[in-house]
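Here's the structure we're looking at; comments come further down.
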Amino acid sequence: MITEHTAHEPDPNPQPLSGTGDDSLPGSEPIKIETRGLTFHYGHQQVLFENNLDVGANRVTAIIGPSGCGKSTHLRVYNRIFELYRNQRVEGKVLLDGRDIFHPEVDLLELRRKVGMIFQTPTPFSLSVFENVAYGLKLHYRMGRGEMAERVEGALHRAALWDEVKDKLNHSGTALSGGQQQRLCIARALAVQPEVILMDEPTSAIDPVATAKIEELIHTLKKDYTLVVVTHNMQQAARISDYTAFFYEGRIVEFGLTKKIFTRPDRKQTEDYITGRFG
Amino acid sequence: MKERSIGFRRNIDLVVKALSGLAALTGIAFLVWILIVIVVKGLGAIRPEFFTQLPAPPMMPGGGLGNAILGTGIITTLATLIGVPIGLMAGIFLSEFGRDSFLAELVRYATNILMGTPSIIIGVFVYVIMVAPMGGFSGYSGSVALAIIMLPVVARTTEDMLNLVPDAVRESALALGAPRWKATVGVVFRAARTGLVTGSLLAVARVSGETAPLLFTALNSPFWPRSLSEPTANLPVTIFNYAMSPYVDWQAMAWGSSLLITTVILGITVLVRTILGRRKTT
Amino acid sequence: MGSYRGVQDRTFAGLATLSAGTVILLVVGIFVALLAGSGPSIREFGARFLFAQEWNPVSQQFGALSSIYGTLLSTGIAMVIAVPLSLIIALFLVELAHPAVSRVVGGAIELLAAIPSIIYGMWGLFVLAPVMARYVQPFIGKWAGDLPLFTGPPIGIGMLTAGIILALMILPFITSVTRDVFNMVPDVVKESAYGLGATTWEVTRQVTVRHGIMGIVGACFLGLGRAIGETMAVTFVIGNTHRISPSLFAAGNSIASTLANEFTEAAENLYLSSLIELGLVLFLITFLIQLAARIWLQRTRRKLGVTR
């Protein structure tokens, strides 16, 4: 399996931010996604208010906040999946590797190949385990059976699922356990060689043991990918992420190193939320 | 590994979208065409006499299908009186008593078979068990044939609707000391009332245009219905006979009847949809 | 008081069980009654009934082959037209059309599924058949007239017209069920396919259809069951002759149309009995179709690992 990510070896210990609450990373960090003035409307209702957020390359960025704070909406802008529905309007800029994802020359299908997504509930297709992983590959690439099998196996390895399913590749993906289904979805997303992986509360429908496996997986994945994880579970955010953004009522209240957010937050609101003292 | 051309994939997508739009348009155009023809051709026949008078002989002006309208009303009402109660009780058995028993499974299977049995077979069946032994066609046998068609529809809807009522509702009624039947009729039925009403209405809509089972049971008659033990005038068979006739004015009558039946059935269907729709929103 | 209640309860349960039993009784009764009614014909013709083509009330020779052939052919034509068209219309309604358009058109289609078949038949006789005779059949004849499938004079009525009418009749039915099936595929499943960079067609073809395959096939089987026993829509336009012709333009008949046309005219015992046996054959065919559907569904369920 060839890994095509020759990006910088990630620094295992990101430095603390010097400034506070300015929504940007320290200058030394390579930035994967730059969000500027992101505003979002569902019909007449505004749900995001001119948010700025920088997502560091090969980092795990957690987005936390109470439900309805716009964290999922924010995530769903990054692969433009929100465009499937009507009456939604977005303003502002999202730069992926410096290129605006809303630029007319950006191909939506190619964008979504580069920016994979994992959802709240596992979403295996009614296909076999093998076909599930091959699905995205077949969309984007033409290749022989041998290479296909190799890539499917590679993706399942990287999703830490291979050992559990290697004997049932022909079984239906929907027959796996919940945690396995979610890792199958991760494998499916990895197979098309994305650069960014968005996860929308990936463990909210999964038992604690399976959750631990997926958290571990997130750790190993950041070597090769940039991850943005929405979660309502603050302990999870603290465990898995390098940076954390706290959303409240459509605005980013505070953004910074996870360590700092969870130990010495600058804002009162953030502190109230993470200590569970939320009004 | 070669990349597949995104342009090619997009083009296929566009072609399929265009085709599906076109297909939808074609299908809908046909269906609208049918509706328009029914309305345009049918309106000409709808005059006051249409509802009140007996049919005139061919080539004679005037006349109506009052007897067939009345006959259809009577036959359908009787069919409803037979089919709906039995269907309701069968549905109650499935959801309240039988549940997962072997008998219930068998009843469910039989319900499906009966639902899928062509209506003309029901006609032949009723002919064999009623018309032949009783020595002649009759309105009664027509009602029985329609009732048999309604039965599985009502039973199935009843079971579905009662299954939506949570067990807690049943248990709390029984816990208050209500006898089983009162618990079912009073509490459970009230909870599922809308569904049961709409199910029965749909069953009526389903049979009111049925022609095939009436062909060899109720037959038809040029007179006012006097007794259901005789052949009884009804709209569907009249449509069949008149449409197949060479007389233009009879064909016009057939179109008028089609419009009438269609209006009634669409009316019932719309009514059911509004009832269900209102229920959903509240 | 308590025993009085007990009696009431027992009566109620007894009535319910009795009503449920009626359903079983009816199915068994239909089979037995048809079998009994077929007696004279079965004794006279035996298995020959199924394979003989001649149907002659004058010489009292009755064979079901042309009716069976016509039933299967007209249903086949209907399915070939209706199934793909229904699927693609459902796709349009669910994935492409504006929600308002989808609601209106979807509602109209549901209403059309409720229109009785005799009205489709009349429309076929008075509107479609002339159009077929004047435009469609000469056109097909001009381009494909050398094929045995499309020979013969363009008379308008016949197998092809019957098939088209049947297709129109089951189209709303299959479409509305398929639309419901498509709608039941969770948005998040579709999103995850779109999230991989799939186009609408790619999502539909491989994800939506696969997800709802059981419901779709079930809808098709139900449509098939309707078409195969449909009487009035076919009787008007099929032509009603007991002949087997390879041409789709030729007149023919089906089991149901033969019954509708001849049942009340059958004076002789053997004639009537043969008609009842035709009914028995139709009943058995629909029964077999339902059985096949059931077996298929169970096997697919097991294959998909759905335990229910």
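Atom set for the values below is all heavy atoms of this structure, side chains included, hydrogens, waters and symmetry mates excluded. So that the names make sense, note that chain A is the first sequence line, chain B the second, and so on, each numbered from 1.
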Most contacts with chain B, counted as non-hydrogen pairs under 4.5 angstrom, among C:Thr264, C:Thr11, C:Val28, C:Leu26: C:Leu26
Part of C:Arg294 lying under 4.5 Å from any heavy atom of chain B: side chain
So for C:Thr235, is it side chain, backbone, both, or neither that comes closer than 4.5 Å to the heavy atoms of chain B? both
Picking from B:Leu88, B:Thr211, B:Ile34, B:Leu103, which has the most non-hydrogen pairs under 4.5 angstrom with chain C? B:Ile34
For C:Leu15, is it the side chain, the backbone, both or neither that has a heavy atom under 4.5 Å from a heavy atom of chain B? both
About how many Å separate CG of C:Leu93 and OG of B:Ser20, when rounded to the nearest 0.5 Å? 9.0 Å
Contact leader toward chain C among B:Gly209, B:Ala205, B:Ala110, where contacts are heavy-atom pairs under 4.5 Å: B:Ala110
For each of C:Gly37, C:Ser19, C:Ala33, C:Ala13, tally heavy-atom pairs with chain B at distances under 4.5 Å, and name the one with the top tally. C:Ser19
Heavy-atom side-chain contact between C:Met232 and B:Leu215 under 4.5 Å: yes
To the nearest 0.5 Å, atom OG1 of B:Thr262 lies from atom CD1 of C:Ile118 at 10.5 Å
Nearest heavy atoms of B:Val16 and C:Trp201, plus distance in Å: CG1-CE3, 3.4 Å
Contacting moiety of C:Pro84, where chain B heavy atoms sit under 4.5 Å: neither
Of the listed residues (C:Thr286, C:Ile119, C:Leu34), which shares the most heavy-atom pairs with chain B below a 4.5 Å separation? C:Ile119
How long is the gap from OG1 on C:Thr175 to CD1 on B:Ile28, to the nearest 0.5 Å? 9.0 Å
Given heavy-atom pairs under 4.5 angstrom as the criterion, report whether the side chain, backbone, both or neither of C:Tyr120 touches chain B. side chain
Residue pair B:Ala24 / C:Phe92: nearest heavy atoms and the distance that separates them: CB-CD2, 3.5 Å
Would you mind checking which part of C:Met122 comes under 4.5 Å of any heavy atom in chain B, side chain (CB onward), backbone (N, CA, C, O), both or neither? both
Scan C:Ile276, C:Leu278, C:Leu280, C:Leu275 and name whichever one has a side chain to side chain contact (heavy atoms under 4.5 Å, CB included) with B:Val124. C:Ile276
Under a 4.5 Å cut-off applied to non-hydrogen side-chain atoms, are C:Phe283 and B:Phe125 in contact? no
Between atom CD1 of B:Ile36 and atom CH2 of C:Trp123, what is the distance when rounded to the nearest 0.5 Å? 11.5 Å
Does some side-chain heavy atom of B:Phe30 sit less than 4.5 Å from a side-chain heavy atom of C:Leu171? no
Name the member of B:Leu106, B:Ile129, B:Val32, B:Leu219 that forms the most heavy-atom pairs with chain C at distances under 4.5 Å. B:Leu106
Could you look at C:Leu272 and say if it's the side chain, the backbone, both or neither that has a heavy atom under 4.5 Å from chain B? side chain
Separation between NZ (B:Lys17) and OG1 (C:Thr199), nearest 0.5 Å, reads 7.0 Å
Most contact-rich option vs chain B, by heavy-atom pairs under 4.5 angstrom, among C:Leu112, C:Thr204, C:Ile255, is C:Leu112
Per-residue tally against chain C (heavy atom, under 4.5 Å) across B:Thr269, B:Leu114, B:Leu31, B:Leu266 peaks at B:Leu31
Relative to chain C, which segment of B:Phe240 carries a heavy atom at a distance below 4.5 Å: side chain, backbone, both, or neither? both
If you measure from OG1 on C:Thr22 to CD1 on B:Ile86, what distance do you get to the nearest 0.5 Å? 5.5 Å
Please look at C:Phe287 and chain B and tell me whether the side chain, the backbone, both or neither of the residue comes under 4.5 angstrom of a heavy atom of that chain. side chain
Criterion side-chain contact (heavy atoms from CB on, under 4.5 Å) on B:Tyr109 and C:Val27, from CA distance to verdict: CA-CA 10 Å; B:Tyr109 191 43; C:Val27 172; over 6 Å; no
Taking all heavy atoms of C:Val23 and all of B:Ala90, pick out the closest pair and write down the distance. CG2-CB, 4.4 Å
Given a strict heavy-atom distance threshold of 4.5 Å, which part of C:Leu96 is in contact with chain B: side chain, backbone, both, or neither? side chain
If one checks every heavy atom of B:Ile113 against chain C at 4.5 Å, the contacting part turns out to be both
Most heavy-atom pairs under 4.5 angstrom with chain C, which of B:Asn112, B:Leu94, B:Leu25, B:Ile38? B:Asn112
Considering all heavy atoms, the nearest B:Ile265-C:Pro116 contact: CD1-CD, 3.5 Å
Between B:Ile120 and C:Phe263, is the side-chain contact (heavy atoms from CB on, under 4.5 Å) condition met? List the steps. CA-CA 11 Å; B:Ile120 193 156; C:Phe263 204 87; over 6 Å; no
Counting heavy-atom pairs closer than 4.5 Å to chain B, which one of C:Leu291, C:Ile289, C:Ile24 comes out on top? C:Ile24
Could you have a look at C:Leu85, C:Ile115, C:Thr200, C:Leu91 and say which one has the most heavy-atom pairs with chain B under 4.5 angstrom? C:Thr200
